[in-house]
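Everything quoted here is computed from the prediction, not taken from an experiment. Numbers restart at 1 for each chain; the letters A, B, ... are given by sequence-line order, proteins then strands.
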Amino acid sequence: MAPVRVIITEKDNAARRIADILSDGTADAERRNGVNVYRWGGTRVVGLSGHVVGLDFPPEYENWRDVEPVELIDAEVVTEPTQENIVRTLSELAAEADEVVIATDYDREGELIGKEAYELVREVFDGPIERVRFSSITDREVHEAFDNPDDLDFDLAAAGEARQVIDLIWGAALTRFLSLSARQLGNDFISVGRVQSPTLKLIVDREREIEAFDPETYWELFADLTKDGDTFEAQYFYDDDGSEAERVWDEEVATTVNETVESADTATVTSVSRRTRTDSPPDPFNTTAFISAAGSLGYSAQRAMSIAEDLYTAGYVTYPRTDNTVYPDDLDPEALLDSFVGTDEFGDDAESLLALEDIEPTEGDEETTDHPPIHPTGELPAWGDLEEDEWNVYELIVRRFFATVAEAATWEHLRVVAEADGHTLKANGKRLVEEGYHAVYPYSSASENVVPDLEEGETLAIADVDLAEKETQPPRRYGQSRLIKQMEKMGIGTKATRHHIIEKLYDRGYIEDDPPQPTKLAEAVVDAAEAFADLVVSEEMTAQLERDMTAIAEGEATYEEVTEESREMLRRVFAELRESQEEIGDHLQESLKADRRLGPCPECGDELLVRRSRQGSYFVGCDGFPDCRFTLPLPSTGEPLVLEEHCEDHDTNHVKMLAGRDTFVHGCPRCAAAEADESEDRILGACPECGGEHDGELAIKQLRSGSRLAGCTRYPDCEYSLPLPRRGDIEITDEYCEEHDLPELVVQDGDEPWELGCPVCNYQEYQARQAIDDLEDLNGVGPATAEKLADAGVDSPEDLTDVDPDDLAQRTQGVTAETVREWQAELAG
DNA sequence: GCAAGGTC
């Protein structure tokens with residue numbers, strides 16, 4: 001029998017592709033414990049899912065109240081499997097092996113993941129374990145790597161382990177300390193970490209600048225100049241110590257200049273200069289640049305990455321987590337362009353690019369070896385495979401690739417200076433001469449500003465003069481993609497995690513809205529950290545860690561030395577922290593309250609706060625509880641956000657409910673309650689549930705929480721209810737639904753009334769749409785597949801669960817029984 | 001229940 005060789009990769013996708021290359025396409029896939037194993041001859045290839053084990057403290061440290069946070073510094077740290085199925089599969093395979101090859105990603109974290117696999121394998125296998133390294137999964141590189149196997153680099157892996165343990169100890173000890181100090185346990189704990197906290201400080205610092213900003217008034221003067229009927233705008237400027245200045249800070253001066261220019265009537269051209277500027281095509285996409293470009297299309301960092309991951313899994317684009325901005329040698333741009341020829345969307349652009357004399361892609365500064373820049377694979381989605389957002393992102397990636405092989409654009413800049421009674425005016429024109437890459441990449445601005453051709457000495461008429469009073473503006477808040485760029489610049493986080501960090505800040509209640517705005521809690525956390533644990537909010541902690549990790553990897557320091565030194569620093573931090581624990585806790589609690597404060601309680605004058613019930617739902621309650629029991633309900637969907645905006649009548653802040661796409665402004669909770677109290681139920685007809693037996697009636701009801709429904713008048717004895725839209729006036733028409741014997745409804749909202757129809761039919765249609773949406777959430781189900789399934793009688797997840805896979809495959813073209821089983825497994829899990 | 005890093 002042939003010796004059994006087991007190859008371990010970092011992820012399933014890499015396993016499949018490596019098996020394909022090494023087996024020359026003959027490998028078969030089988031499932032073991034729900035994990036894909038690719039096999040041919042004596043070889044088995046299995047993909048991990050990144051880290052399959054994780055670090056944690058032993059169970060005796062589990063309870064936050066029973067353990068002093070400082071004890072975590074010297075607590076034992078244990079490694080536990082986190083992906084049971086994969087770990088079990090790996091053990092089973094290793095037990096049968098004669099030879100094991102580790103082929104995880106070629107970077108530090110990959111070496112650590114490889115070492116984790118090594119340890120698991122060693123428990124059941126004492127034969128040879130080799131390590132192969134390759135930068136990209138191509139025929140040549142993979143064969144070369146497997147022909148020249150190496151050993152695992154334990155020093156490099158130890159560098160990664162040091163990072164893990166330092167992050168855990170600092171993060172857990174400080175998180176528990178702050179949470180306990182502020183008595184915030186459970187879901188609303190107060191977290192701190194090496195990457196999240198410096199990121200949060202960036203946002204908080206910017207907010208501090210904005211708050212401290214003192215606007216200054218200045219004036220700018222614009223004049224419309226005319227030549228042969230062509231009018232263009234010019235701006236006044238003056239010489240300020242050798243540099244050009246447009247802003248006039250003195251009102252008197254501004255008025256004088258304005259009067260002089262206005263009475264001048266004409267201006268004489270004193271200089272005309274032309275120059276052409278080359279506008280180079282952009283670099284290939286790394287993760288950060290991609291997130292930024294997708295951001296200008298309106299996608300959040302999280303959403304952009306999630307779509308890119310789906311496109312990657314479906315095989316349309318390369319791996320989206322990369323720092324690399326240089327295409328690898330084996331990428332053949334012509335061949336890739338070729339694959340788009342003949343398509344409706346991209347065919348013409350691909351052909352125009354192929355017609356260029358030489359095709360030389362642009363290169364960025366960063367060249368790494370793990371993954372190529374994000375580009376299309378050349379495997380094209382068929383029409384209907386992608387939803388609109390997926391298509392938009394896919395098109396962006398395709399067009400970015402096009403742009404990187406396109407030619408530079410050329411602009412002609414025309415600068416004209418004219419003089420009007422001793423004052424100078426300038427106009428800058430900009431004209432696109434060669435469209436270049438803009439022809440295939442319409443995302444970056446290519447707007448022109450036309451200034452007519454002029455010559456020195458010409459006289460221009462002054463058509464209009466405008467003196468504008470302006471104010472200096474505070475710095476702008478960071479948008480998500482700007483934040484990610486800044487993190488990259490500071491060297492914190494990684495390409496795969498930066499967008500998760502932003503999401504974490506939202507989840508922890510540190511930032512709200514988009515662009516993110518820090519809460520009072522965030523400011524207090526940063527305050528506390530700055531005062532007592534400055535290192536954890538500074539980028540220096542990561543810089544120091546990077547230096548230490550390099551030292552470990554190069555054998556100049558050990559894992560023990562580095563982690564002990566870090567522990568010692570944290571001990572010193574805790575010595576100071578503990579002295580001020582009470583003060584820190586009070587400040588945090590006060591800030592938490594400030595984020596939830598709405599206004600005065602109408603019953604006792606104390607403060608109304610947004611609170612959370614034991615069941616987890618939000619409501620408005622009085623801070624005077626239990627003496628004062630005044631409450632108001634809030635809508636049941638989403639997380640409440642207290643807005644700056646507030647209601648004059650009740651001196652109460654407005655509330656916004658954050659619920660992703662369903663986010664809405666609830667407004668003043670006291671107004672909502674008052675409105676409900678004043679409104680009368682409007683009867684529609686007999687209650688479909690109890691109308692026959694108990695004479696219950698269906699009525700439109702306005703609830704104190706602001707929502708509206710069609711419910712039974714016998715509530716709570718009969719709980720029948722149908723949801724109605726929150727906004728707009730509902731009109732009851734004379735038309736009746738024959739099936740349900742209820743009137744059709746029309747909603748007046750904005751300019752266009754829309755027909756809601758019979759409320760029962762409307763709800764049924766809504767449920768059907770929901771079911772289809774749920775189906776489309778499944779892996780690989782787009783609108784086209786959903787339609788095919790509906791034709792076969794499957795239009796909800798329940799239908800799919802109940803169906804016989806082989807039978808459905810028979811009746812549905814292009815869907816295999818295997819795929820149906822996977823969907824069923826997905827639904828079950 | 002804590003972090004950050006993989007991957008889905």
Side-chain angles (χ1 to χ4, degrees), chain A residues 9-15 34-36 47-57 59 61-67 69 71-73 75 77 82-83 85-86 104-105 107-117 157 159-180 184-200 305-314 319-322 370-371 487 492-505 507-508 536 541-542 545 549 566 570 777-780 822 825-826 829:
Chain A
T9 69
E10 189 154 321
K11 47 190 164 278
D12 174 60
N13 199 285
V35 179
N36 288 335
L48 307 174
S49 180
H51 293 285
V52 294
V53 296
L55 287 193
D56 210 344
F57 301 106
Y61 292 89
E62 218 167 73
N63 191 317
W64 292 27
R65 292 171 201 278
D66 296 348
V67 181
E71 290 177 52
L72 295 178
I73 301 178
V77 172
T82 51
Q83 306 266 6
N85 283 349
I86 298 178
T104 46
D105 284 0
D107 53 26
R108 186 178 57 222
E109 215 60 26
E111 207 67 20
L112 175 54
I113 291 166
K115 194 212 163 191
E116 289 162 2
E161 289 179 297
R163 178 203 61 71
Q164 279 189 323
V165 78
I166 289 170
D167 280 341
L168 174 64
I169 293 174
W170 278 72
L174 289 172
T175 294
R176 286 195 193 183
F177 179 85
L178 291 186
S179 303
L180 284 163
Q184 286 288 302
L185 301 182
N187 278 330
D188 300 319
F189 61 87
I190 297 174
S191 75
V192 175
R194 174 180 56 86
V195 177
Q196 58 165 287
S197 298
T199 307
L200 187 58
M305 282 310 285
S306 144
I307 294 174
E309 278 157 17
D310 287 345
L311 293 171
Y312 161 71
T313 315
Y319 195 62
R321 297 185 273 269
T322 176
D370 46 356
H371 299 286
M487 291 170 76
I492 58 175
T494 72
K495 72 230 172 191
T497 59
R498 288 184 195 112
H499 59 282
H500 288 306
I501 297 285
I502 312 263
E503 200 61 17
K504 183 177 282 190
L505 296 179
D507 288 346
R508 298 283 190 264
V536 84
M541 179 156 178
T542 297
L545 189 59
M549 283 195 288
S566 180
L570 188 56
D777 281 343
L778 291 171
N779 240 326
E822 275 173 27
E826 206 180 323

For [X], which contact category applies under a 4.0 Å heavy-atom criterion: base, sugar-phosphate, or nothing?
{"X": "N63(A)", "value": "base"}
{"X": "R176(A)", "value": "base"}
{"X": "E62(A)", "value": "base"}
{"X": "Y319(A)", "value": "sugar-phosphate"}
{"X": "G493(A)", "value": "sugar-phosphate"}
{"X": "L55(A)", "value": "base"}
{"X": "Q164(A)", "value": "base"}
{"X": "R498(A)", "value": "nothing"}
{"X": "V192(A)", "value": "sugar-phosphate"}
{"X": "L174(A)", "value": "nothing"}

How far apart are the closest heavy atoms of L180(A) and P69(A), and which atoms are they?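 The answer is CD1-CG, 3.7 Å.
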
Side chains of [X] and [Y] in contact at under 4.5 Å (non-hydrogen atoms):
{"X": "M541(A)", "Y": "P198(A)", "result": "no"}
{"X": "S566(A)", "Y": "I169(A)", "result": "no"}
{"X": "T199(A)", "Y": "R498(A)", "result": "no"}
{"X": "W64(A)", "Y": "T175(A)", "result": "yes"}

Reading DNA chain B from 5' onward, which residue's closest nucleotide shows up sooner: K495(A) or D56(A)? D56(A)

Nearest heavy atom decides the nucleotide; on that basis, is G186(A) or I501(A) closer to the 5' end of DNA chain B?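 Result: G186(A).
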
Using a cut-off of 6.0 Å, state whether more than 12 heavy atoms not belonging to E71(A) lie near its atom CD. yes

Chain A on DNA chain B: first and last contacting nucleotide, 5' to 3', under 4.0 Å to a heavy atom?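 Reading along DNA chain B, I get dG1(B) to dC8(B).
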
Which label fits Y319(A) and H371(A): parallel for a plane angle under 30°, tilted from 30 to 60°, or perpendicular past 60°?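 Ring orientation, 0 to 90° scale: tilted.
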
